[in-house]
Amino acid sequence: MTSRTKNYYSQVMNTIGYKAVAILATYIAMPMMIHYLGSEKYGIWSTLLTVVTWVVFFDLGIGNGLRNKVAESLANKNRVTAREFIATGYSLIGIISIFSWLTLMVSSAFIPWQGVFNTTVIEETTLRLCMQITGSFIIFNFWIGLVQALLGATQNTSMSALGQSLINILVILLLYMSREIYEASLLLMAVIYGSSIVISNGLLNLWFFRKNRDLVPYYLIKKGRINAILALGSNFFIIQLAGLVIFTTDKMLITQLIGPASVTQFDIVFKLMSVAILVHTIVSSPLWSAYTEAMTVGDKSWIRDMLVKQLQFFMLIAIGIAVLVATARPLISLWIGDDISISTAVIVSLGTYAVVVTWNNVFAMIVNGIGKIKVQLYAALIGMLINIPLSIVFVKYFDLGISGIVYGSVLSLLIGSISIPLQVYFNRKEWLGI
C-alpha cells in the first residue's frame with residue numbers, strides 16, 4: 001500500500017469521527033434553533049445565512065486554484081514555490097475581503113430587506129443590522145477560511161471536518177447559554193454563528209502554520225503566481241458561480257414563490273438527505289489533491305483503481321438514500337416532532353437530488369484534481385442558465401411546490417451527470433492508463 005493510499009484511508013477514518021460529531025451537533029442544533037426562533041423566523045435566518053454566505057463564491061476561484069498549485073508544488077517537493085503561492089493567495093483574498101465588506105456596508109442601506117425575505121415579521125432595521133453583522137463575520141472568515149484549501153492541498157481534509165465539528169459544538173453551547181439569558185433574536189443568532197466560524201477557522205490556521213512553519217505567508221503578491229492561480233482559478237470561479245445558482249438559490253426561490261415558512265420544511269428534509277451527501281463527501285473529498293499528486297508523478301493506475309472503488313461506494317450510497325427516503329417520516333417525527341407537516345413529494349425530490357449530487361462528485365474529484373475542468377465549466381454554465389427558469393415553471397405552471405424547485409436543480413445537474421463521466425471515459429488512456 002502506497003503512502004498516498006495510507007494517508008487517504010487515514011483521512012477518511014479521521015473524518016468519519018469528526019463528521020459524526022458534526023452531524024450529531026447539527027441535528028441537536030437545528031430543533032434548538034427552530035424552537036428558539038419559531039418556524040418563520042428560522043426560515044428567514046436559514047435564507048439570510050444562505051444569501052450572506054454567497055460571498056465565499058466570489059473569490060475568483062483563488063481557493064481552488066491555490067489548492068491545485070500548492071498540491072503540485074508539494075508533489076514536486078518545492079516548498080518555496082508553495083509558500084509563494086500561499087502568500088499570494090492570502091494577499092489576494094485579503095484585498096477582496098476588504099472590498100466585499102465595504103460593498104456590503106454601503107449597499108445594505110439601500111436594499112429593502114423585508115421584500116428580499118418576503119416578511120413583515122421582523123423590522124427592516126433589524127434585518128439590515130443582522131445582514132451586516134453576519135456578513136462581517138462571513139467576510140472575515142472568507143479570508144482566514146483559505147486554510148481549507150491548504151488542508152486539501154496537503155491532504156489533511158479531516159481537519160476541515162474537525163473545524164466543522166467545532167463550529168457546530170460552539171453554536172450549541174453559545175445558543176444554550178444565551179437562551180437562558182436573552183430573548184429569541186436573529187441578531188443574537190448572527191453573533192453566535194459568526195463568532196463560531198471565526199474561532200474555528202482561526203484555530204485551524206494556528207494548527208496548520210505551526211505544523212508547516214516554512215509555509216507561513218508573508219505579504220507578497222507575485223505576478224507570476226497570480227497568473228498561475230487565476231489561469232485555473234478563473235474556470236473554477238465560473239463553476240462556483242454556477243454552483244451558487246444551482247445549489248444556493250432554492251431557499252430564496254421558496255421564500256419568494258411559496259413563503260419563508262416553507263423553507264423550514266425544505267431545510268428539515270434537506271438536512272436529513274445531506275447525511276448521505278456528507279458520508280460520500282467524507283470518502284471523496286480527500287481524493288481531489290490525491291489525484292493531483294498521482295497525476296503529477298504519473299501514477300495513473302492509482303487513479304484508475306480508486307475510481308473503481310468510488311463507483312462501488314456510490315452504489316452503497318444510492319441504496320442508503322433509498323432507505324432514508326423510505327424512513328424519512330418516522331425519522332423526522334422522532335427528530336423534530338409532529339408540529340411541522342412534511343410532504344412525501346419533497347422527500348422524494350430531495351432524495352433524487354442527493355443521488356445526483358453524489359454521482360457528480362465521483363467524477364468531479366478526478367477532473368478537479370487533474371485540472372481538466374472545461375467540460376464541467378460548460379455543463380455548469382448551462383445548468384446555471386436553466387435552473388431558475390425551470391424552478392419557476394415547475395412551481396407556477398405545474399404546481400409542484402417545493403419539490404418543483406428541487407427538480408429544477410436536479411435537471412440542471414443532470415447535464416454534468418452525463419457529460420463529465422463521458423469526458424473521463426474518452427480520456428481514459430491519458431488519465432487512467434487504459
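Both backbone and side-chain heavy atoms feed into the values below; hydrogens, waters and symmetry mates do not.
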Considering only heavy atoms from C-beta outward, does the side chain of [X] approach that of [Y] to under 4.5 Å?
{"X": "L413", "Y": "V357", "result": "yes"}
{"X": "I415", "Y": "I386", "result": "yes"}
{"X": "S343", "Y": "Q265", "result": "yes"}
{"X": "L411", "Y": "F394", "result": "yes"}

When you measure from the side chain of [X] to the backbone of [Y], do you find a donor-acceptor pair of N or O atoms at a distance under 3.5 Å?
{"X": "S403", "Y": "V346", "value": "no"}
{"X": "T358", "Y": "V355", "value": "yes"}
{"X": "Y8", "Y": "V283", "value": "yes"}
{"X": "S262", "Y": "I258", "value": "no"}
{"X": "Q114", "Y": "L127", "value": "no"}
{"X": "N205", "Y": "V147", "value": "no"}
{"X": "Q376", "Y": "G416", "value": "no"}

Could you pull out all residues at least two apart from [X] that satisfy ring-ring contact (aromatic ring centres under 6.0 Å, His included)?
{"X": "Y353", "value": "none"}
{"X": "F208", "value": "none"}
{"X": "W207", "value": "none"}

Taking atom [atom1] of [X] and atom [atom2] of [Y], what is their separation to the nearest 0.5 Å?
{"X": "W143", "Y": "S91", "atom1": "CH2", "atom2": "OG", "value": "9.0 Å"}
{"X": "I122", "Y": "L187", "atom1": "CD1", "atom2": "CG", "value": "9.0 Å"}
{"X": "S108", "Y": "Q132", "atom1": "OG", "atom2": "CD", "value": "3.5 Å"}
{"X": "I167", "Y": "I172", "atom1": "CD1", "atom2": "CD1", "value": "12.5 Å"}
{"X": "W101", "Y": "T103", "atom1": "CH2", "atom2": "OG1", "value": "11.0 Å"}
{"X": "I282", "Y": "I277", "atom1": "CD1", "atom2": "CD1", "value": "12.5 Å"}

Listed partners of [X] passing side-chain hydrogen bond (donor to acceptor under 3.5 Å, both in side chains), at least two apart:
{"X": "S333", "answer": "D338"}
{"X": "W359", "answer": "none"}
{"X": "N360", "answer": "S417"}
{"X": "S349", "answer": "none"}

Which residues pass the salt bridge (Lys or Arg N to Asp or Glu O under 4.0 Å) test with D250, sequence neighbours left out?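 So D250 forms no salt bridge (Lys or Arg N to Asp or Glu O under 4.0 Å) with any residue.
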
Non-neighbouring partners of K300 that pass salt bridge (Lys or Arg N to Asp or Glu O under 4.0 Å), sequence neighbours left out: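 None.
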
Grab the two heavy atoms, one from L66 and one from F85, that are nearest each other, plus how far apart they are.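 In terms of heavy atoms, the two residues are closest at CD1-O, 3.2 Å.
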
Measure across S412 and G383 and return the closest heavy-atom pair with its distance rounded to 0.1 Å. OG-O, 3.3 Å

Charged N to carboxylate O below 4.0 Å: is that the case for K271 and D267?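 Yes, charged N to carboxylate O under 4.0 Å.
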
Yes or no on side-chain contact (heavy atoms from CB on, under 4.5 Å) for L253 and V395, after CA distance, side-chain angles and deciding distance? CA-CA 10 Å; L253 287 169; V395 172; over 6 Å; no

Taking atom types as modelled, is there a side-chain donor on [X] or [Y] under 3.5 Å from an acceptor on the other?
{"X": "T296", "Y": "E72", "answer": "no"}
{"X": "S301", "Y": "D299", "answer": "yes"}
{"X": "T344", "Y": "R329", "answer": "yes"}

Pick one: which of N361, N368, N68 meets side-chain hydrogen bond (donor to acceptor under 3.5 Å, both in side chains) with W288? N68

Which pairs pass ring pair (Phe, Tyr, Trp, His ring centres under 6.0 Å) with one or both residues in residues 152-171, sequence neighbours excluded?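 Checked against ring pair (Phe, Tyr, Trp, His ring centres under 6.0 Å) - neighbours excluded - no pair reaches residues 152-171.
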
Please report the C-alpha distance between I347 and M273 in whole Å, then the side-chain angles of each, then the deciding distance to 0.1 Å, and finally whether the side-chain contact (heavy atoms from CB on, under 4.5 Å) criterion is met. CA-CA 8 Å; I347 294 171; M273 296 302 162; 3.8 Å; yes

Indicate every side-chain donor-acceptor pair of residues 421-434 with a distance under 3.5 Å to a residue at least two apart or in another chain.
from, atom 1, to, atom 2, distance (Å)
Q423, NE2, K372, O, 3.2
N427, ND2, Q423, O, 2.8
R428, NH1, Y425, O, 2.8

Taking CE in M105 as the centre, count heavy atoms belonging to other residues, nucleotides or ligands within less than 6.0 Å. Is the count above 12? yes

Above 12 or not: heavy atoms from other molecules or residues under 6.0 Å from CD of E123? no

Please list, one pair per line, the donor and acceptor atoms closer than 3.5 Å that link side chains of residues 155-166 to other protein atoms, with sequence neighbours excluded.
from, atom 1, to, atom 2, distance (Å)
Q155, NE2, E293, OE1, 2.8
N156, ND2, T154, O, 3.4
N156, ND2, T154, OG1, 3.1
S158, OG, Q11, OE1, 2.8
S160, OG, Q148, OE1, 2.5
Q164, NE2, N168, OD1, 3.1
S165, OG, Y18, O, 2.3
S165, OG, A22, N, 3.4
S165, OG, A161, O, 3.1

Under the criterion side-chain contact (heavy atoms from CB on, under 4.5 Å), I'd like the reasoning laid out for V406 against F266: C-alpha separation, chi angles, the key distance, then a yes or no. CA-CA 9 Å; V406 177; F266 169 88; 3.8 Å; yes

Go through the steps for V375 and F363 under the test side-chain contact (heavy atoms from CB on, under 4.5 Å), then give the verdict. CA-CA 12 Å; V375 172; F363 297 93; over 6 Å; no

